[in-house]
**Q** 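Pasting in a structure now, in structure tokens, and then I'll have a few things to ask.
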There are 2 protein chains.
Amino acid sequence: MSEKESPVARTVLQQCLRASLMVKPAEEGSEAEYVQIDRGMVIYICFFKGATDEILPKMGHESSSGKIVSILDLPGSLLIVPQATLGGKAKGKAMQYHNNINKEDGLRLYEAFVALCEKELEAKENVVIKHGTYGNRQVLKLDTNGPYTHMMEF
Amino acid sequence: MSEKESPVARTVLQQCLRASLMVKPAEEGSEAEYVQIDRGMVIYICFFKGATDEILPKMGHESSSGKIVSILDLPGSLLIVPQATLGGKAKGKAMQYHNNINKEDGLRLYEAFVALCEKELEAKENVVIKHGTYGNRQVLKLDTNGPYTHMMEF
């Protein structure tokens, strides 16, 4: 990864004791649906313009990806949260998202990243992988004994 | 803020419905102590080498600071969390923190930033400002209806 080039993806990682995310809002006649992990890591993810499938293995595998490798190596679960706001850039008092990828490509890359992580982790015991729904409001509860927040760009 | 220069501070912002942070662990004879805010924003903050007091007003005031201005303008509370891990950089499977400021200067800048925010917000009604203790493990519970995670560098 060259530091000089503009990143095509940004992630924020937070460790958790438990995290739950609403994946379907309550409607008349049905309650809201949640996914939940216990000890593990929440990964918030945002793709920028120019991101392609090539970046996904790097985010999951390459040595430069550090924590991702660690979470795939450790006996912890993973909650993947699409988070387009991470691509925001301050302009005056507002945030602008001009550099974010379009929704179609963002959805496709997000689902491909989830599939890649699921494939990597399916053989591991006591590990679950859960994920939010792209485009939804990410209603999240997080319980940590130190979030150890990290930011990584790819 | 020039994009070409290395940043001297990194923050991650998350909106919350409620957030609580342990500021004193339980000891024999005393229970753990927590600070808590209701609707507002959690700001995780990390200073890099080269950061000076000059950056603090920029983080709190200048138009380029976007969300910070917004939180100071809006009727929401603020929970400030020191988070040195935010300065991490992946190296192999580990994270390195070589660019983080030393602890003495980090503590001083952190406390000055908290004081600056407290001064700005003291006149506002229905707003509280709470903060973590520099150097502590940041035991955090976060309840959001969408964290709207943002990352900003200064």
Side-chain angles (χ1 to χ4, degrees), chain A residues 1 3-4 6 10-22 25 42 44-46 62-74 81 83-97 136-154, chain B residues 1 3-4 6 10-22 25 42 44-46 62-70 72-74 81 83-97 132 136-154:
Chain A
M1 179 177 70
E3 289 187 299
K4 303 303 178 192
S6 293
R10 180 177 291 160
T11 62
V12 164
L13 309 164
Q14 294 187 311
Q15 286 188 342
C16 66
L17 298 176
R18 177 167 295 189
S20 77
L21 181 70
M22 190 169 72
V42 180
Y44 308 87
I45 187 167
C46 175
E62 278 201 7
S63 62
S64 64
S65 64
K67 276 291 175 187
I68 309 290
V69 172
S70 298
I71 194 66
L72 293 177
D73 288 346
L74 288 172
V81 180
Q83 189 83 151
T85 53
L86 264 184
K89 200 169 157 53
K91 177 81 174 179
K93 292 193 180 187
M95 298 298 284
Q96 291 186 337
Y97 301 92
N136 271 14
R137 177 188 280 225
Q138 307 297 323
V139 177
L140 177 76
K141 288 190 192 201
L142 186 67
D143 189 352
T144 85
N145 63 355
Y148 299 106
T149 313
H150 283 86
M151 194 279 289
M152 299 183 73
E153 293 178 334
F154 298 91
Chain B
M1 181 178 69
E3 289 186 299
K4 303 302 176 192
S6 293
R10 179 177 291 160
T11 62
V12 165
L13 308 163
Q14 294 187 311
Q15 286 187 343
C16 67
L17 298 176
R18 178 167 295 190
S20 77
L21 181 70
M22 191 170 72
V42 180
Y44 308 86
I45 187 167
C46 175
E62 277 202 7
S63 62
S64 65
S65 64
K67 277 289 172 184
I68 308 292
V69 172
S70 300
L72 293 177
D73 287 347
L74 287 172
V81 180
Q83 190 81 151
T85 54
L86 263 183
K89 200 169 157 56
K91 177 80 174 180
K93 292 192 178 186
M95 298 298 283
Q96 292 185 337
Y97 302 93
N136 270 15
R137 177 186 280 226
Q138 307 297 322
V139 176
L140 177 75
K141 287 189 192 201
L142 187 65
D143 188 353
T144 85
N145 64 356
Y148 300 106
T149 312
H150 284 86
M151 193 279 290
M152 300 183 73
E153 292 177 334
F154 299 90

**Q** Can you tell me which of Ala84(A), Pro147(A), Ser20(A), Cys16(A) forms the most heavy-atom pairs within a distance under 4.5 Å of chain B?
**A**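 So the answer, after comparing Ala84(A), Pro147(A), Ser20(A), Cys16(A), is Pro147(A).
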**Q** Return the set of residues passing side-chain hydrogen bond (donor to acceptor under 3.5 Å, both in side chains) with Gln83(B) (not counting sequence neighbours), or none when no residue passes.
**A**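 Gln83(B): side-chain hydrogen bond (donor to acceptor under 3.5 Å, both in side chains) contacts with Thr149(A).
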**Q** Nearest heavy-atom pair of Leu142(A) and Val42(A): which atoms, and what distance?
**A**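 The pair with the smallest heavy-atom distance is CD1-CG2, 3.6 Å.
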**Q** I need the minimum non-hydrogen distance between His150(A) and Leu86(B), along with the two atoms involved.
**A**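 Distance-wise, the nearest heavy atoms are C-CD2, 4.3 Å.
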**Q** For chain B, which of Met22(A), Gln14(A), Arg18(A) has the most heavy-atom pairs under 4.5 Å?
**A**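 Result: the option with the highest number of such pairs is Gln14(A).
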**Q** Under a 4.5 Å heavy-atom cut-off, does chain B meet the side chain of Arg10(A), its backbone, both or neither?
**A**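 Only the side chain of Arg10(A) comes within 4.5 Å of chain B.
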**Q** Checking heavy atoms, do the side chain of Tyr44(A), its backbone, both or neither come under 4.5 Å from chain B?
**A**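 Only the side chain of Tyr44(A) comes within 4.5 Å of chain B.
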**Q** Test of understanding: with side-chain contact (heavy atoms from CB on, under 4.5 Å), list the residues that count as partners of Asn136(A), not counting sequence neighbours.
**A**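 Once residues adjacent in sequence are excluded, the partners of Asn136(A) under the side-chain contact (heavy atoms from CB on, under 4.5 Å) criterion are Thr133(A), Gln138(A).
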